[in-house]
*Asks:* 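This is the structure I have questions about; it appears just below.
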Amino acid sequence: MPRIHPAVRAAFRVTGRVAPPLALAASYRAFRTIGAPAPVRTADRAVHERARRGELRVAGERVVTYAWGDPAGDPVLLVHGWRSRASRFARLVETLERSGRHVLAYDAVAHGDSTGRYTTILDHLAIIRRIADDAGPLAGIVGHSFGALAAGTAVTEGLDAATYTAVAAAPSFDALNDGFVRAIDLPAALHDRHARRVAARLFPDEPDPAARFDLVRHPVAAPALFVHGSRDREIPPASSRAVHAAHPGSRLVEPDAGHNGVLDVPETLDAVLGHVTAGAVNSA
């Protein structure tokens with residue numbers, strides 16, 4: 001999770017002790033809050049602007065989709081993280097594009113150029129399925145951070161993808177909750193109550209979201225690559241090591257990079273391209 005201002009942490013710490021119901025109501029609102037869409041970085045603008053754009057309707061919202069490269073090439077779908085956007089994959093788009101792939105991405109509900117105020121992993125899953133239905137079998141699906149959990153869940157639930165790549169993966173619903181309550185310094189006695197409230201309100205029709213959304217308990221069947229920056233301060237590298245251990249035959253790469261910077265370094269770009277390429281050869 002991103003670093004939280006000390007004053008906010010202090011407020012949650014004190015309120016959690018003297019008025020737990022108020023602290024839990026506030027923690028739920030904060031957990032759900034996405035905030036203003038991330039702007040397109042200057043370094044990514046050229047890639048962003050030359051994309052072929054499309055639109056989907058998901059959960060009553062307009063979802064903007066992007067495509068680059070040869071439409072006849074093997075499709076690779078990129079799934080961005082929380083408070084991010086498709087353009088953050090610009091260096092990977094260029095790398096895959098040069099290799100002849102058809103690169104696909106989207107701005108999730110309430111992210112980037114899409115509409116909405118809130119989103120959940122269920123919206124991501126709906127978008128991923130819609131794009132994959134149109135594109136046909138994917139040569140690869142690549143997710144970053146929260147997007148890695150969404151992408152992995154999609155594959156475990158039947159998405160046709162020859163390869164799966166997780167960059168700086170959030171390994172599970174439980175891990176997201178745990179990281180959040182620790183980041184805001186909510187008292188430990190309230191952690192389970194916060195998780196139950198999030199599960200009940202965001203997934204009212206799901207009997208056990210913690211069991212469903214977990215890449216350790218539900219390994220992806222497709223060949224898997226895990227990439228995690230050794231200097232990641234938002235999601236610890238140990239998270240990807242645990243998921244890697246749960247995926248026999250998977251590969252783990254740990255570049256010298258942070259949580260978002262890992263998307264730009266040559267070691268990541270080379271590893272992802274090599275993984276997708278090997279998957280195409282093995283599935284031929």
Side-chain angles (χ1 to χ4, degrees), residues 37-38 40 44-59 61-82 84-115 119 121-155 157-167 220 222-225 227 263-264 268-269 271-277 279-280 283:
V40 178
D44 303 333
R45 183 159 296 282
V47 171
H48 174 73
E49 291 182 349
R50 65 179 172 79
R52 301 186 298 276
R53 291 192 173 209
E55 289 187 6
L56 299 173
R57 298 295 298 189
V58 172
E61 301 294 347
R62 178 178 58 85
V63 173
V64 178
T65 63
Y66 304 90
W68 299 266
D70 184 357
D74 293 335
V76 178
L77 176 58
L78 311 180
V79 183
H80 69 74
W82 192 257
S84 188
R85 59 185 303 145
S87 61
R88 192 58 187 81
F89 283 109
R91 304 290 79 75
L92 184 56
V93 169
E94 294 170 329
T95 298
L96 293 169
E97 204 177 12
R98 286 194 295 268
S99 73
R101 267 70 183 190
H102 185 205
V103 187
L104 308 170
Y106 62 90
D107 289 338
V109 173
H111 290 73
D113 292 344
S114 296
T115 62
T119 194
I121 191 172
L122 298 178
D123 297 330
H124 275 274
L125 294 175
I127 298 166
I128 290 168
R129 292 185 191 111
R130 292 274 298 277
I131 293 175
D133 284 347
D134 290 340
L138 301 174
I141 184 166
V142 181
H144 174 241
S145 192
F146 175 72
L149 177 59
T153 300
V155 178
E157 296 186 351
L159 182 77
D160 191 352
T163 62
Y164 166 64
T165 300
V167 182
V220 175
L225 167 69
V227 181
L263 291 170
D264 302 323
T268 298
L269 306 178
V272 175
L273 177 59
H275 186 58
V276 172
T277 300
S283 64

*Asks:* Which is it for Leu263 and His144 under the side-chain contact (heavy atoms from CB on, under 4.5 Å) test, yes or no, and what are the steps along the way?
*Replies:* CA-CA 8 Å; Leu263 291 170; His144 174 241; 3.8 Å; yes
*Asks:* Between the side chain of Thr163 and the main-chain N/O of Ala139, is any donor-acceptor distance below 3.5 Å?
*Replies:*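 Yes: the side chain of Thr163 pairs with the backbone of Ala139.
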*Asks:* I need the minimum non-hydrogen distance between Gly152 and Val220, along with the two atoms involved.
*Replies:*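 Looks like O-CG2, 3.7 Å.
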*Asks:* Counting C-beta onward and ignoring hydrogens, is there a side-chain heavy-atom pair between Asp134 and Arg130 closer than 4.5 Å?
*Replies:*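 Counting from C-beta outward, Asp134 and Arg130 never come under 4.5 Å.
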*Asks:* Would you mind writing out the side-chain donor-acceptor pairs for residues 47-54 within the sub-3.5 Å range, not counting sequence neighbours?
*Replies:*
unit_1, atom_1, unit_2, atom_2, d
His48, NE2, Arg53, NH2, 2.9
Glu49, OE2, Arg45, NH1, 3.4
Arg50, NH1, Glu97, OE1, 3.2
Arg50, NH1, Glu97, OE2, 2.8
Arg50, NH2, Glu97, OE1, 2.9
Arg52, NH1, Gly69, O, 3.1
Arg52, NH2, Gly69, O, 3.1
Arg52, NH2, His102, NE2, 3.2
Arg53, NH1, Asp113, OD2, 3.2
Arg53, NH2, Asp113, OD2, 3.0

*Asks:* Does any non-hydrogen side-chain atom of Val79 lie less than 4.5 Å from one of Ile141?
*Replies:*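 Contact flag for Ile141/Val79 side chains = yes.
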*Asks:* Is there a donor-acceptor pair closer than 3.5 Å between any side-chain N or O of Ser84 and the backbone N or O of His80?
*Replies:*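 No; judged by distance alone, with no hydrogens or angles, the pair does not exist.
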*Asks:* Can you tell me if His275 uses its side chain to pair, donor with acceptor, with the backbone of Leu273 under 3.5 Å?
*Replies:*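 Not confirmed, His275 side chain does not pair with Leu273 backbone.
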*Asks:* Do Ser87 side-chain atoms and Asp44 backbone N/O form a donor-acceptor pair below 3.5 Å?
*Replies:*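 It does not hold such a pair.
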*Asks:* Is there a side-chain contact between Thr65 and Glu55 in this structure, where contact means two heavy atoms from C-beta onward sitting under 4.5 Å apart?
*Replies:*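 No, side chains not in contact.
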*Asks:* So, for Pro223 and Ala162, which heavy atoms are closest and what is the spacing to 0.1 Å?
*Replies:*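 Taking Pro223 first and Ala162 second, the nearest heavy atoms are CD-O, 3.2 Å.
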*Asks:* Give a yes or no on whether the backbone of Tyr106 and the side-chain of Arg85 come within a donor-acceptor separation of less than 3.5 Å.
*Replies:*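 Answer holds: no.
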*Asks:* Begin from the C-alpha positions of Val93 and Leu78 and carry the test side-chain contact (heavy atoms from CB on, under 4.5 Å) through to its verdict.
*Replies:* CA-CA 9 Å; Val93 169; Leu78 311 180; 3.8 Å; yes
*Asks:* Could you check whether any side-chain heavy atom of Tyr164 comes within less than 4.5 Å of a side-chain heavy atom of Leu225, counting everything from C-beta outward?
*Replies:*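 Side chain of Tyr164 against side chain of Leu225, heavy atoms only: no contact under 4.5 Å found.
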*Asks:* Taking all non-hydrogen atoms of both residues into account, name the closest pair between Ala86 and Asp107 and its distance.
*Replies:*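 That closest heavy-atom pairing would be N-OD1, 3.0 Å.
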*Asks:* Would you say Arg62's side chain and Thr115's backbone share a donor-acceptor pair under 3.5 angstrom?
*Replies:*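 No: the side chain of Arg62 does not pair with the backbone of Thr115.
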*Asks:* Just wondering, do Glu157 and Leu125 contact through their side chains at under 4.5 Å, heavy atoms?
*Replies:*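 The answer is yes, as the side chains (C-beta and beyond) meet within the 4.5 Å cut-off.
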*Asks:* Which atom pair, heavy atoms only, marks the closest approach of Ala161 to Ala222?
*Replies:*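 Looking at all heavy atoms of both residues, the shortest contact is O-CB, 3.6 Å.
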*Asks:* Verify salt bridge (charged side-chain N to carboxylate O under 4.0 Å, His left out) between Arg88 and Asp264, making sure each step is shown before the conclusion.
*Replies:* CA-CA 9 Å; Arg88 192 58 187 81; Asp264 302 323; 3.0 Å; yes
*Asks:* I'd like to check Leu159 versus Ile128 (side-chain heavy atoms, cut-off strictly below 4.5 Å). Are they in contact?
*Replies:*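 Yes, side chains in contact.
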*Asks:* Could you list the residues that satisfy side chain to side chain contact (heavy atoms under 4.5 Å, CB included) with Leu269, not counting sequence neighbours?
*Replies:*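 Side chain to side chain contact (heavy atoms under 4.5 Å, CB included) list for Leu269, sorted by chain: Arg91, Leu92, Thr95.
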*Asks:* Considering only heavy atoms from C-beta outward, does the side chain of Val103 approach that of Tyr66 to under 4.5 Å?
*Replies:*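 Of all side-chain heavy-atom pairs linking Tyr66 with Val103, none is under 4.5 Å.
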*Asks:* When you measure from the side chain of Asp70 to the backbone of Gly100, do you find a donor-acceptor pair of N or O atoms at a distance under 3.5 Å?
*Replies:*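 No.
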*Asks:* Between Ile131 and Leu77, is there a side-chain heavy-atom distance shorter than 4.5 Å?
*Replies:*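 Leu77 vs Ile131: side chains touch.
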*Asks:* Below 30° counts as parallel, above 60° as perpendicular, anything between as tilted: where do the rings of Phe146 and Trp82 land?
*Replies:*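 Phe146 and Trp82: perpendicular rings.
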*Asks:* Show your working on side-chain contact (heavy atoms from CB on, under 4.5 Å) between Leu138 and Asp160 and close with a plain yes or no.
*Replies:* CA-CA 6 Å; Leu138 301 174; Asp160 191 352; over 6 Å; no
